[in-house]
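Before any comments, here is the structure.
Labels below follow one simple rule: chain letters A, B, ... track the order of the sequence lines, proteins then strands, and each chain is numbered from 1. The structure displayed is predicted, hence computed values, not measured ones.
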Number of protein chains: 2
Amino acid sequence: MSKKISLKDIAEAVGVSTALVSYVLNDKDEQTRVNKDTAKRIREMAKEMNYQPNQIAKSLKSGKSQAIGLLVADISNPFFGNLARAIEDEAKKHGYSVLFGSSDENLENSQRLIDTFINRQIDGFIIAPAEGTASQLEYLKKANIPFVLIDRYFKDLETSYVVIDNFNATYQATQLLLNQGHTKVAYVCYKNQLQHTEDRYSGYLQALLDHGNAEDSNLICEVEFNNAAYFREQFIELLQPDRGVDAILFSTNTLSIMGLKIINELNITVPDDLAVFCFDESEAYDLFYCPISYVKQPLSMIGKEAVKILLEQLRGKASSEQKVMLDVEIVARKSCQK
Amino acid sequence: MSKKISLKDIAEAVGVSTALVSYVLNDKDEQTRVNKDTAKRIREMAKEMNYQPNQIAKSLKSGKSQAIGLLVADISNPFFGNLARAIEDEAKKHGYSVLFGSSDENLENSQRLIDTFINRQIDGFIIAPAEGTASQLEYLKKANIPFVLIDRYFKDLETSYVVIDNFNATYQATQLLLNQGHTKVAYVCYKNQLQHTEDRYSGYLQALLDHGNAEDSNLICEVEFNNAAYFREQFIELLQPDRGVDAILFSTNTLSIMGLKIINELNITVPDDLAVFCFDESEAYDLFYCPISYVKQPLSMIGKEAVKILLEQLRGKASSEQKVMLDVEIVARKSCQK
DNA sequence: CTTTAAAGCTTAAACGTTTAAACAAAAAGG
DNA sequence: CCTTTTTGTTTAAACGTTTAAGCTTTAAAG
């Protein structure tokens with residue numbers, strides 16, 4: 001019981017052609033008028049021999065691999081892990097498998113993964129695109145390979161995407177902090193050209209302006225990705241008493257966690273010394289001595305929608321790009337109080 | 001620039017047979033004495049036409065898909081997310097892609113994923129096996145499909161695996177708590193038949209005994225997987241003052257997190273009212289008001305080793321099963337002090 | 001009876017590769 | 001000059017499917 005069983009093996013065992021076996025096992029025996037008895041014998045033999053169809057051969061014939069490629073920044077980041085899980089579940093429901101790859105926000109990694117996945121004939125992509133990958137997406141478009149962006153998108157690129165309303169997310173969070181009476185609300189973010197980064201900043205800024213506050217570069221802590229030392233330096237600087245910051249809004253989960261650690265180190269008390277509003281979910285938010293307020297993204301919804309849209313495109317209902325913008329949930333807890 | 005380019009297209013463009021193109025693009029032009037000039041023309045044309053080999057066709061021919069299947073309980077659990085990342089990186093280095101699937105510790109899900117992956121002709125598995133899946137693994141053995149277990153293993157099943165020294169992990173943690181002067185060290189674990197569950201319990205128990213304490217069922221909180229309500233009930237029961245518990249050892253990361261939440265809810269102070277020792281890593285351990293002690297697993301090492309072993313098996317050096325048991329790191333911090 | 005239709009099955013090509021074997025032409029050896 | 005070797009290339013089969021088209025045999029219709 002070691003060798004793989006093929007259609008041919010079944011055909012020989014039953015004494016028919018492979019065509020007939022194929023018809024029956026694909027439930028096309030009605031349309032192709034296979035004798036009921038023959039069909040039964042084929043089905044029985046397939047079961048007896050424990051036949052497992054070779055998806056590779058099917059794929060080669062059909063040109064469809066029934067697989068989708070998931071490209072994220074880092075699968076070990078729970079944010080992407082949760083997205084991956086939602087995508088896996090939805091894909092599985094429709095008979096699709098998921099290949100994943102982590103780009104680490106790096107251009108070449110992203111390109112290599114795209115190439116690998118194309119070679120593997122994946123039917124489509126779900127991508128959380130890294131900065132500067134617009135040209136890679138252009139290429140996919142030209143090559144007619146369907147894809148859906150998640151988490152991030154490009155304003156000047158016509159693609160399908162499922163993102164959150166980033167502007168509104170930070171707008172609401174900032175507004176909440178301001179309404180609580182905080183006067184110097186700082187903002188911590190990554191320095192990059194991605195649209196969602198800009199949208200989040202705009203939301204923060206607009207809330208400030210609408211509240212009668214002026215834009216203040218002293219309140220902004222903008223750091224590079226993957227540079228913990230630089231973050232530490234900048235963030236500690238932001239917390240110096242002379243800056244007078246009394247509230248902080250973090251714009252991603254990684255920044256939130258890194259920030260909270262330093263706040264603890266410096267023995268700053270939340271929310272008495274400093275109010276805090278974080279982004280995304282983390283077990284840590286519940287376990288912090290002061291329950292952390294956060295912007296909650298509808299991760300399962302994002303994953304589910306992305307798969308749905310991708311499948312529609314695969315099925316040729318590629319009517320046009322679909323752009324979905326989902327609302328976030330503002331979870332306000334003790335950490336943002338005055 | 002929409003249609004896929006095949007060997008045939010290049011062959012026609014250059015005016016040679018597909019065989020020659022195949023030889024050249026696989027760098028076999030030396031051995032097969034292809035004319036240098038022809039080879040150059042083929043290479044140039046391939047580049048010009050942006051040829052991307054069809055891995056599906058290659059796989060069908062070779063019987064090797066250059067893909068491995070990763071089966072975990074839940075990819076959104078950071079523990080598995082981190083393992084997945086380590087596995088992805090190591091696999092990528094050797095030209096392998098990774099398909100993943102979450103079983104949710106469920107038998108049928110596990111079987112379905114295995115079947116799907118076999119259909120897809122993955123070359124081998126890396127599996128964190130769910131309870132009761134021994135027979136599924138037996139099947140893989142019989143079918144000669146290479147696999148390596150991670151995190152868990154079965155004592156009476158000859159397989160390759162990469163796990164931690166679970167006995168030692170809980171032994172050391174328990175001993176540390178006892179040496180600090182805690183007298184009633186409770187143990188929180190899942191109720192299942194998995195070997196690592198038993199090993200961890202044995203480690204805890206042996207430490208108690210070696211310290212002159214007796215086994216005490218009042219100190220054990222054993223709960224079912226995926227039943228938060230039951231856990232809450234049992235765990236609160238364990239914390240009742242009359243039980244006199246002064247320290248707790250959690251045996252997994254999910255139990256740790258759930259437990260800490262309830263400890264917070266009940267306003268129990270760590271470590272004054274109760275010492276705590278957790279398992280695995282979590283951002284929350286650093287951000288808890290009292291830094292949490294924990295048993296740190298060498299996740300990248302586990303992932304890396306698992307891939308290495310699997311690849312050795314794939315390359316036919318299937319000398320015999322390889323069993324790797326790695327040491328954990330005991331990170332003792334304030335939470336375990338008296 | 002003959003013709004037509006229906007039922008039940010097989011043949012063969014195709015998907016994009018790989019690779020052993022065959023072949024032709026040119027070069028070398030005698 | 002003929003034979004052998006070398007060089008450079010093509011042919012064709014194979015991997016495991018799918019599926020249009022063709023082929024028998026039997027049944028129905030006239």
Side-chain angles (χ1 to χ4, degrees), chain A residues 3-43 45-46 49-67 95 118-123, chain B residues 3-43 45-46 49-67 95 115-116 118-123:
Chain A
K3 218 215 131 229
K4 284 266 171 68
I5 301 298
S6 74
L7 282 188
K8 207 173 155 193
D9 298 317
I10 300 180
E12 276 167 11
V14 178
V16 294
S17 70
T18 59
L20 218 47
V21 181
S22 173
Y23 287 136
V24 171
L25 297 184
N26 286 297
D27 293 324
K28 293 191 179 146
D29 48 328
E30 300 287 318
Q31 306 136 62
T32 52
R33 336 165 278 231
V34 177
N35 183 292
K36 291 216 167 164
D37 187 58
T38 314
K40 195 169 154 237
R41 271 163 48 227
I42 289 173
R43 270 186 246 272
M45 185 57 77
M49 300 177 89
N50 188 31
Y51 170 69
Q52 312 254 88
N54 183 327
Q55 178 63 40
I56 293 276
K58 283 190 176 196
S59 296
L60 182 59
K61 190 80 227 304
S62 67
K64 301 281 147 218
S65 63
Q66 297 286 113
I118 291 181
N119 290 173
R120 290 185 177 279
Q121 312 296 117
I122 56 115
D123 295 336
Chain B
K3 218 214 134 229
K4 283 264 170 70
I5 301 297
S6 74
L7 283 188
K8 207 172 153 192
D9 299 317
I10 300 180
E12 276 167 11
V14 179
V16 295
S17 70
T18 60
L20 219 45
V21 180
S22 173
Y23 288 136
V24 171
L25 296 185
N26 286 296
D27 293 324
K28 292 190 180 148
D29 48 329
E30 300 288 317
Q31 307 137 61
T32 52
R33 334 166 278 229
V34 177
N35 182 292
K36 291 218 168 163
D37 186 57
T38 315
K40 192 167 158 242
R41 270 162 52 226
I42 289 173
R43 270 186 247 272
M45 185 58 77
M49 299 176 91
N50 188 31
Y51 170 69
Q52 311 256 87
N54 183 328
Q55 178 63 37
I56 293 276
K58 283 190 175 195
S59 296
L60 182 59
K61 189 82 225 305
S62 66
K64 301 281 150 219
S65 62
Q66 297 286 113
D115 287 343
T116 311
I118 291 181
N119 290 173
R120 290 185 177 278
Q121 313 296 117
I122 55 116
D123 296 335

Using a 3.5 Å distance criterion without hydrogens, assess whether the side chain of A:T18 forms a donor-acceptor pair with backbone atoms of A:L7. no

Using heavy atoms to find the nearest nucleotide of DNA chain C for A:A19 and B:Y51 separately, return the residue whose nucleotide is more 5′. A:A19

Give one of base, sugar-phosphate or nothing for A:K61, where a contact means two heavy atoms less than 4.0 Å apart. base

Is the shortest distance from a Lys or Arg side-chain nitrogen in B:D27 or B:R43 to a carboxylate oxygen in the other one below 4.0 Å? yes

Could you tell me which residues satisfy side chain to side chain donor-acceptor pair (under 3.5 Å) with B:R120, sequence neighbours excluded, listed by chain and number? A:S97

Hey, which sits more toward the 5' end of DNA chain D by its nearest nucleotide, A:R33 or B:L20? B:L20

A:K58 backbone acceptor or donor facing A:S62 side chain under 3.5 Å: yes

Along DNA chain D (nearest heavy atom to each residue), the more 5'-positioned of A:T18 and B:S62: B:S62

5' priority, DNA chain C, between B:A57 and A:R41 [closest heavy atom]: A:R41

Chain B footprint on DNA chain D, 5' to 3' - any atom under 4.0 Å from a heavy atom: D:dT7 to D:dG16

Check every strand shown and say whether B:S59 touches a base, only sugar-phosphate, or nothing at a heavy-atom separation below 4.0 Å. nothing

Assess the residue pair B:L20 and B:V14 against the criterion (side chain to side chain contact (heavy atoms under 4.5 Å, CB included)); give the C-alpha distance rounded to whole Å, side-chain angles, the decisive distance to 0.1 Å, and a yes or no. CA-CA 10 Å; B:L20 219 45; B:V14 179; over 6 Å; no

